[in-house]
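I have placed the structure first, in the form of structure tokens, so that the comments after it can refer back to it.
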Amino acid sequence: MTTTPPRSVRVPAPLRSPGRWAVLPAAVVAGAALGGGYGALKTPEYAATSYVIVVPGEKSDPAAALGFAQAYGRVATDIAVTGDAQVWAGVSAATLRESVQAETSPDAPMISLTARASKPSKAVSIADGVARSLVLNSSHVAGSTGVKVVQFSRATTPTAPVSPSAPLSALVGACAGGLLGGLALLVRPRRAAGRAEGRHSRPAAATGAAVPAPAAHQSAPEAV
């Protein structure tokens, strides 16, 4: 009775080095630690939104209000800086430009003014200050534009920050670390294989061995 020797199972090269796979959990842990630390140390931000609406005058076209709303939305921060918004909000012009975002609607002549700050009361004062500055500026030029800006809704005090919390930042950091670790595992074997192929493909002349000359091809004599 003859026995067939068991076949040897070839294990892929990446699996034969289990230490290489330790990069992935280490990257996940490092990413979670960095993300959680960033979320815990970063100052939370609060957002408050104030709404204004552009209304047409008695002898102006109602459709013009929508166009002026788009125009006022584009220059809202500039009008606030040149006006008294920074005085009412108690912030500098640079802070006012960076912390306020104006958005308009394509269907209604309304402008939303969202301000971000480290304190809820500060975010409210910035948003309402920009809205007040728009209202005041529109009243000065209402004779030439035929429209004016009216306060539609004042900003309410936010109760929760809009910036990501520490657990959420840790989760995002862990995902990013896992992604980078996986990419490192995919790229590293290819580089190692490329270096190995480069070593094996070196010409023998580089190692000092003699390279045999190609044999000359001799044709057989033709029979007469």
Side-chain angles (χ1 to χ4, degrees), residues 35-36 38-173 175-176:
Y38 174 79
L41 297 177
K42 187 179 184 300
T43 304
E45 286 186 345
Y46 296 87
T49 304
S50 181
Y51 296 92
V52 296
I53 189 170
V54 180
V55 296
E58 296 180 357
K59 298 182 181 180
S60 61
D61 186 6
L66 184 59
F68 276 104
Q70 302 292 330
Y72 274 116
R74 293 188 182 96
V75 297
T77 54
D78 295 333
I79 294 176
V81 168
T82 56
D84 297 329
Q86 51 187 329
V87 178
W88 296 328
V91 296
S92 62
T95 302
L96 194 65
R97 291 181 184 272
E98 295 174 357
S99 60
V100 177
Q101 182 179 5
E103 295 182 357
T104 58
S105 173
D107 303 325
M110 181 177 291
I111 307 172
S112 63
L113 304 167
T114 303
R116 291 173 174 261
S118 58
K119 296 181 179 181
S121 58
K122 180 63 67 176
V124 171
S125 62
I126 294 176
D128 287 340
V130 175
R132 183 180 175 184
S133 181
L134 284 179
V135 172
L136 185 60
N137 180 270
S138 67
S139 64
H140 293 162
V141 295
S144 58
T145 60
V147 298
K148 60 181 179 179
V149 180
V150 179
Q151 181 85 38
F152 184 78
S153 175
R154 296 179 61 88
T156 58
T157 304
T159 58
V162 294
S163 56
S165 59
L168 181 58
S169 299
L171 180 60
V172 174
C175 295

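With a 4.5 Å cut-off on side-chain heavy atoms, Ile126 and Ser99 count as touching. Pro161 is not listed as a side-chain neighbour of Glu45, based on a closest heavy-atom distance of 4.5 Å or more. Looking at Arg132 and Asp84, their side chains never come closer than 4.5 Å, going by heavy atoms from C-beta outward. Using a 4.5 Å heavy-atom threshold, the side chains of Trp88 and Ser133 count as touching. Two residues are said to be in side-chain contact when any heavy atoms from C-beta on lie closer than 4.5 Å; Val124 and Ser50 fail this criterion. The closest side-chain heavy-atom distance from Thr77 to Val130 is not below 4.5 Å.
Of the inter-residue distances, the one linking Lys122 atom NZ with Thr95 atom OG1 reads 9.5 Å to the nearest 0.5 angstrom. Distance check: Ser105 OG to Ile53 CD1 gives 10.0 Å after rounding to the nearest 0.5 Å. For the atom pair Leu96 CG and Gln86 CD, the distance stands at 6.5 Å (nearest 0.5 Å). Once rounded to the nearest 0.5 Å, the distance linking OG1 of Thr49 with CZ of Arg116 reads 9.0 Å.
Pro158 approaches Tyr46 most closely through the heavy-atom pair CG-CB, 3.8 Å. Nearest heavy-atom pair, Ala102 versus Gly73, reported as atom, atom and distance to 0.1 Å: CB-O, 3.5 Å. For the pair Ala69 and Thr104, the tightest heavy-atom approach, listed with the atom from each and the gap, is O-CG2, 3.5 Å. Closest non-hydrogen pair, Ala155 versus Ala48, comes out as CB-CB, 4.1 Å. Pro56 and Ala65 make their closest contact through CD-CB, 4.0 Å (heavy atoms, listed as atom of the first residue, atom of the second, distance).
In this view, Arg154 and Asp128, Gln151 satisfy the side chain to side chain contact (heavy atoms under 4.5 Å, CB included) rule, not counting sequence neighbours.
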Exercise for the section: Take Val149 and Ile111 through the test side chain to side chain contact (heavy atoms under 4.5 Å, CB included) and record every step on the way to the result. Expected result: CA-CA 9 Å; Val149 180; Ile111 307 172; 5.6 Å; no

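Screening residues 92-115 for salt bridge (charged side-chain N to carboxylate O under 4.0 Å, His left out), with sequence neighbours left out, gives Asp78-Arg97.
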